[in-house]
2 protein chains.
Amino acid sequence: MFEPVYFDHNATTPLDSRVLAAMLPYLENRFGNASSRHEYGRAARRAVDEAREQVAAAVGAHPTEVTFTSGGSETNNLFLRGAAAVLKSGSIAVSAVEHPCVMKTAEDLSRAGWKLNKLQVDSTGRVAPATLAAALAADTGRSPALVSVMLANNESGVVQDISKLAEVARAKRAWMHTDAVQALGKIEVDFRALGVNAMTISAHKVYGPKGAAALICDKRIEIRPQIAGGGQEHGLRAGTENVAAIVGFGAACELATADLATQGARLAGLRDRVDAGLVALGATLFGASAVRVANTTFFAFPGIDGETLVGKLDRAGFAVASGAACSSGSTDPSPVLLAMGQDPEVARGAVRVSLGHANTAAQVEAFLTTLVRVVEELKQMTAIAV
Amino acid sequence: MFEPVYFDHNATTPLDSRVLAAMLPYLENRFGNASSRHEYGRAARRAVDEAREQVAAAVGAHPTEVTFTSGGSETNNLFLRGAAAVLKSGSIAVSAVEHPCVMKTAEDLSRAGWKLNKLQVDSTGRVAPATLAAALAADTGRSPALVSVMLANNESGVVQDISKLAEVARAKRAWMHTDAVQALGKIEVDFRALGVNAMTISAHKVYGPKGAAALICDKRIEIRPQIAGGGQEHGLRAGTENVAAIVGFGAACELATADLATQGARLAGLRDRVDAGLVALGATLFGASAVRVANTTFFAFPGIDGETLVGKLDRAGFAVASGAACSSGSTDPSPVLLAMGQDPEVARGAVRVSLGHANTAAQVEAFLTTLVRVVEELKQMTAIAV
């Protein structure tokens, strides 16, 4: 049985039981292909349509602006590659703290002849509007530039001022995208208020299933599909719709909006308690002076390796992360922290705690108690090793 | 409640209850991100690894040759675009009866400067080895040519002689891919025996979930990922693994192998009965003189529109298709039938029945009885209209 306390909600969230209940009929007798012209197909199509309305409503978008995909990485690739295919050449600006699926895609475009601007960030990981303005001012291309800056960082939880950045981008006719995967369900995410042209959100970060995500994209800009085939998703993404996952995504989006009010303040309280405990133990907190999503804290203990601490905590019954799950295989220090000006040695100590709906104050206290012991043990080991 | 008899298994299949049972723990407490380095993550990783072995075993491949994706269309796009990105330029040969996700991708490559050979087919929809040999002989490129010919056609069920075609491709150093999505679970599919370099299979066509598929690709050829980001799937496909769907795919593959022995002959018997009934009613069968997968029959009644017949049958309680689900929105006649030399007027009458595990002889008899009535009604309507 799974006993450990789960403190890694930025990696993925458990499926809300209400979401699973909404999905189950589509894993059972409502199994039709949404493109089929019979009752099974129409039932699937209605479910996809309804989910599209739920997803759109959660972010203040219009259902026709929603393109369903299989995940956040696919979605970020779809926007950047799809826009680049239409614009053919030009410049792309991304923050230095983007998720690898944005950064590597931008680097691929750079190798294909695009001018890549990696936007420098301050010590909390935020891009100043002036930094973006300077990058776009230097851009002499005739096509609109591409800009992608994430709304909330996956490692630090730090929230960027996307509406300000979008204003700068609009003034320069740039196409502005934001990866809002780590923001949805944690802060209010309003597509119009953000003022971006396109936005990525994903189901499995908001207590929905893995396998569904969406690109929200306004109609003023055109992108090219990256998966060609049947005419699904208005021709923007071919492939049989993953109906059950899409239904779950819709249900999760509806719940995210409702839960934000009740969970937001509660999680902020728990996170503040974690932060206080960490500081009392001598930890450095990353990005804590900036606005952060309520559930996340990112920290390091001097001289203690992050991977080692994560392993110790795992054995003690607490599931936390040493950074982004997708790069957990890597032993390099977090590029996010390096971009924030942290020393590589400090960055190697990074550990992320990301709380979620089922977490309790008792779990937080138990965690802090365990942490005292574990950190003491590791300090002694380090002392012996030295 | 869903009452209609489902005869559209080539569009999608119901999830086998044993597959759903295998998936459920991963939709409940085993919800971890497979890249996470804690117990939740390791449990997810083990599940993905086991599914990879199950999928590989079902097609006689090695687990390291399996790359999980979100669906068949993504997979076909991944291989063709990914290989083209490595080879940079050259020629691509695809059969004239490919699924749109292969055909449109090949046409995209053609617009990007690749030489596209649409391989002509005979009246049953099969590519003659000599046709491929001629196309490759005319190819003067220095890079290996790309070849993609499907194993079983989604509309007609006709099986191509892929091992012969692969022999021709090998002799010319071409990279040979086959879309085996419609073949798996219906005929034996052995990656080595087929002799191809790459192959696409998909879960939801074999009583598995929507949202999981795989590219089987040998190590002699290199392709470039089409979704960049985290290092998942050996760097070939970024994005958080859809663990539950992948687990379902593994379970479905294992069952497909086991069920093929019991279901193959049974479905062939039912399909032969459908065929006999159709012929007795004056229908034309497409591709029936060739080797077909056991569950599929593709036919038309002279002077009766396919869409109209599908609608009538739907209202009478039978879910059948007028062709590929992904192009059900289109009113153009099937390109597959046109490539087979059928008259557009005849092709407009096309209807597909694709049987599945839960179908019974009683359902087939009820269908034929209904068909007699429905066809008679439509003939009278046509007579009045004339």
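What you see is a predicted model, and the numbers here were worked out from it, not measured in a lab. The chains referred to below are lettered A, B, ... by the order of the sequence lines, with proteins before strands, and numbering in each begins at 1.
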The interface call for Ala245(A) against chain B, heavy-atom contacts under 4.5 Å, is neither
Counting heavy-atom pairs under 4.5 Å with chain A, the top scorer among Leu27(B), Leu24(B), Thr105(B), Val320(B) is Leu27(B)
Check: Side chain of Lys210(A), backbone of Asn33(B): donor and acceptor closer than 3.5 Å?
Finding: no
Scanning both residues in full, the closest heavy-atom pair of Ser70(B) with Ser70(A) reads CB-CB, 3.4 Å
Report task. Please answer whether the main-chain N or O of Pro4(A) pairs with a side-chain N or O of Tyr40(B) as donor and acceptor at a distance below 3.5 Å. Result -> yes
Bottom line for Glu241(B): the part with an atom under 4.5 Å from chain A's heavy atoms is backbone
Under 4.5 Å to a heavy atom of chain A? For Pro14(B) that would be both
Quiz item: Less than 4.5 Å apart, any side-chain heavy atom of Gln226(A) and any of Gln226(B)?
Solution: no
Scanning both residues in full, the closest heavy-atom pair of Ala319(B) with His38(A) reads CB-CG, 3.5 Å
Bottom line for Thr13(B): the part with an atom under 4.5 Å from chain A's heavy atoms is backbone
When the 4.5 angstrom heavy-atom criterion is applied to Arg81(A) and chain B, the contacting part is side chain
Of all heavy-atom pairs linking Ser36(A) and Ala11(B), the shortest is OG-CB, 3.7 Å
Okay, Ala244(B) and chain A: the region with an atom under 4.5 Å from a heavy atom over there is neither
In terms of heavy-atom pairs under 4.5 Å with chain A, the winner among Val102(B), Leu78(B), Leu20(B) is Leu20(B)
query = With a 4.5 Å limit on heavy-atom distance, are the side chains of His204(B) and Phe31(A) in contact?
reply = no
Okay, Arg237(B) and chain A: the region with an atom under 4.5 Å from a heavy atom over there is side chain
Interface check, chain B: of Ala228(A), Gly311(A), Gly41(A), most non-hydrogen pairs under 4.5 Å belong to Ala228(A)
Quiz item: Would you call Arg42(B) and Asp314(A) a salt bridge, using N to O less than 4.0 angstrom?
Solution: yes
The interface call for Glu74(A) against chain B, heavy-atom contacts under 4.5 Å, is both
With chain A, the option among Asn76(B), Ile227(B), Val243(B) that has the most non-hydrogen atom pairs under 4.5 Å is Ile227(B)
Scored by heavy-atom pairs under 4.5 Å with chain A, the best of Gly72(B), Gly32(B), Gly317(B) is Gly32(B)
